[in-house]
Amino acid sequence: MYGKQYNHLRKQINSILIKPSGPDCNMACKYCFYLDKKDLFANAYIHRMNEKILEELIKQVMMQGSGCISFGWQGGEPTLMGVPFFEKVVKLQQQYGRCQTVGNGLQTNGILLDEEWAKFLRKNNFLVGISLDGPKHINDYYRLMQGGQGSWDRVIDNTKLLLDNGVAVNTLSVISDYSVNFPEEIYEFHKSLDLNFMQFIPIVETDPEDHTKAAPFSVSPEKYGSFLCKLFDLWRNDFCGDSPMTSIRYFDSVFYTYVGLEPPECTLLKKCGVYLVIEHNGDVYPCDFFVEPKWKLGNVMNSSLIELLNSERQNAFGEQKANLSDSCKGCKWLSHCLGGCIKDRIRDPMDNNTTHFCISYKVFFKHANKQLREMAENWKRKQNQI
């Protein structure tokens, strides 16, 4: 009896994030936090996952995973691996699968995409996330090639290529100190390309010259709060009746908290540590924002992924989410913001337990709460009628 209860409480492998090319990238975005991870793997100039590690990780995920598994392929830039690598991925998933539902997501800067990639991605039903900050003047403000030239023209051409080939495409846009000023322009631009599934990530990093301050490209809490309010209004104005015509991941996830369901976005969960990150050399970490020696869990070549997911170190990482400041514990919006992502807390030099975006969320929920509650009530009423 007790054994069954223990197994029930163990976390399952539902989602895995893989960095097959490590921190390597063919761009030099000024706000990238992952390029510096090269220092962790200084014994090699080029970082690529070999076939032994790839097979072992897929074998473990498929054999130990749940009935529905999501593979996320990120970087650095994962397309540096080439199409043959991902053809091998699909074959291994089929070889070791146990009649599971498998999803593959590829997050890419889009630079290397071509007809071969488009055909492969469409044939194998990959969901592609394109890193695109908006119109040219916004995207090319920080998203630059290694030679300093802009990336927008090439990314747009390749994004259209994917869409023309029937590939499912989402956008991921970083909200910086510059892009935060253009919510309407970014939103309408994405819509004009039929990119109706959008994700917006606010950026805040520590200034390398002064660790008591945020890096210059970081978005201020006040401006990000205003951005969220304007974006929410744009999103709501595009509803057809009760149905949204565009998907904005953060708003979709927040809505889950209003109807009492577990949100798909990890920043809105009560605990962290629900997935694993695997680097190119097989090293395993609890989160891609915490790929650092302190939080290394093990290596896929000599450890069990399901055991690492349920290890003391992983659980300790996850418990950090509940370490809230007194102001958070007494906040009326806590059930909807859940304290934010912990990487935005520990980088705040003033209060390690309060997110950098606390003001942002308070401004947003004050603005959107009434409409979100009405949407939730309508949704619940329809569910009761089914």
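Expressed to the nearest 0.5 Å, how far NZ of Lys382 lies from CD of Glu377 amounts to 13.5 Å. Rounding to the nearest 0.5 angstrom, the gap separating the CG atom in Leu195 from the OH atom in Tyr187 is 12.0 Å.
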Practice task
Dump the intermediate steps for side chain to side chain contact (heavy atoms under 4.5 Å, CB included) on Ile342 and Asn323, then the final yes or no.
Solution key: CA-CA 9 Å; Ile342 60 173; Asn323 186 22; over 6 Å; no

Practice task
Let me see the working for Phe232 and Phe364 under ring-ring contact (aromatic ring centres under 6.0 Å, His included), right down to the final yes or no.
Solution key: CA-CA 9 Å; Phe232 180 81; Phe364 168 68; 5.7 Å; yes

Practice task
Give the intermediate values and the outcome of ring-ring contact (aromatic ring centres under 6.0 Å, His included) for residues Trp295 and Tyr285.
Solution key: CA-CA 6 Å; Trp295 289 112; Tyr285 299 88; over 10 Å; no

Exercise for the section: Dump the intermediate steps for salt bridge (charged side-chain N to carboxylate O under 4.0 Å, His left out) on Glu56 and Lys59, then the final yes or no. Expected result: CA-CA 5 Å; Glu56 179 61 25; Lys59 178 181 178 180; 5.1 Å; no

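In this model, a donor atom of one side chain and an acceptor atom of the other lie less than 3.5 Å apart for His137 and Tyr178. Under 3.5 Å, the side chains of Asn104 and Gln93 contain a donor-acceptor pair of N or O atoms.
Between the side chain of Glu184 and the backbone N or O of Leu231 there is no donor-acceptor pair closer than 3.5 Å. Of the possible polar contacts, one joining the Arg313 side chain to the Lys294 backbone as a donor-acceptor pair under 3.5 Å is found. Between the Arg10 side chain and the Glu307 main chain, no donor and acceptor come within less than 3.5 Å of each other. Distance alone, capped at 3.5 Å, is enough to place a donor-acceptor pair between the Asn181 side chain and the Asp177 backbone. Not a single donor-acceptor pair under 3.5 Å links the side chain of Gln74 to the backbone N or O of Gly22. Side chain of Arg236 to backbone of Ala368: no donor-acceptor contact under 3.5 angstrom is found. Side-chain N or O atoms of Asn109 include one that pairs as donor or acceptor with a backbone N or O of Ile111 at under 3.5 Å. For Asn299 (side chain) and Asn281 (main-chain N/O), a donor-acceptor pair under 3.5 Å exists by modelled atom type. With hydrogens and angles ignored, the 3.5 Å screen pairs a side-chain donor or acceptor of Gln320 with a backbone N or O of Phe317. Ser179 places a side-chain N or O within 3.5 Å of a backbone atom of Val174 that can act as its donor or acceptor partner.
Taking 4.5 Å as the limit, some side-chain heavy atom of Val61 sits within range of a side-chain heavy atom of Leu305. Two residues are said to be in side-chain contact when any heavy atoms from C-beta on lie closer than 4.5 Å; Asn170 and Ile130 fail this criterion. Contact annotation: the side chain of Ile13 approaches that of Leu309 to within less than 4.5 Å [non-hydrogen atoms, C-beta and beyond]. Ser21 places a side-chain heavy atom less than 4.5 Å from the side chain of Met81. With a 4.5 Å cut-off on side-chain heavy atoms, Asn315 and Lys11 count as touching. Using a 4.5 Å heavy-atom cutoff, the side chains of Ile175 and Ile201 are not in contact. The closest side-chain heavy-atom distance from Arg98 to Met63 is below 4.5 Å. Considering only heavy atoms from C-beta on, Glu185 comes within 4.5 Å of Pro135 through its side chain.
For Arg48, the salt bridge (charged side-chain N to carboxylate O under 4.0 Å, His left out) criterion is met by Asp24, not counting sequence neighbours. Residues satisfying the side chain to side chain contact (heavy atoms under 4.5 Å, CB included) criterion with Leu112, sequence neighbours excluded, are Asn26, Thr79, Leu80.
Here the closest non-hydrogen pair linking Cys272 and Lys321 is SG-CD, 3.8 Å. Between Gln371 and Asp233, the closest heavy-atom pair is NE2-OD1, 4.4 Å. Cys328 approaches Leu334 most closely through the heavy-atom pair O-CD2, 3.6 Å. Nearest heavy atom pair, residue Gln314 against residue Leu308, reads CB-O, 3.3 Å. Closest approach of Tyr275 to Ser15, counting heavy atoms only: CB-O, 3.4 Å. Here the shortest heavy-atom pairing between Gly148 and Leu144 reads O-CD2, 3.8 Å.
Glu77 has no carboxylate O lying under 4.0 Å from a charged side-chain N of Lys19, or vice versa, which leaves the two without a salt bridge. Salt-bridge annotation for Glu188 and Lys191: present, with a side-chain N of the basic residue lying under 4.0 Å from a carboxylate O of the acidic one.
Aromatic ring orientation, His336 versus Tyr258: parallel (interplanar angle below 30°, classes split at 30° and 60°). In this pair, Phe120 and Phe86 present their aromatic rings tilted. The plane angle is within the 30 to 60° band. Between Trp333 and Phe365, the ring-plane angle classifies as parallel under the 30° and 60° cut-offs. Ring-plane geometry between Phe71 and Trp73 is classed as parallel, the angle between the planes falling under 30 degrees on a 0 to 90 degree scale with a further cut at 60.
In this structure, Lys343 forms a cation-pi arrangement with Phe289, its terminal cationic atom sitting closer than 6.0 Å to the ring centre and no more than 45° off the ring axis.
Residue Arg122 places its CZ atom among 12 or fewer non-hydrogen atoms of other residues, nucleotides or ligands, all under 6.0 Å distant. Heavy-atom contacts from other residues, nucleotides or ligands closer than 6.0 Å to NZ of Lys271 number 12 or fewer.
Evaluated for a side-chain contact (heavy atoms from CB on, under 4.5 Å) with Trp117, the options Val128, Asn158, Leu106, Thr108 yield exactly one hit, Leu106.
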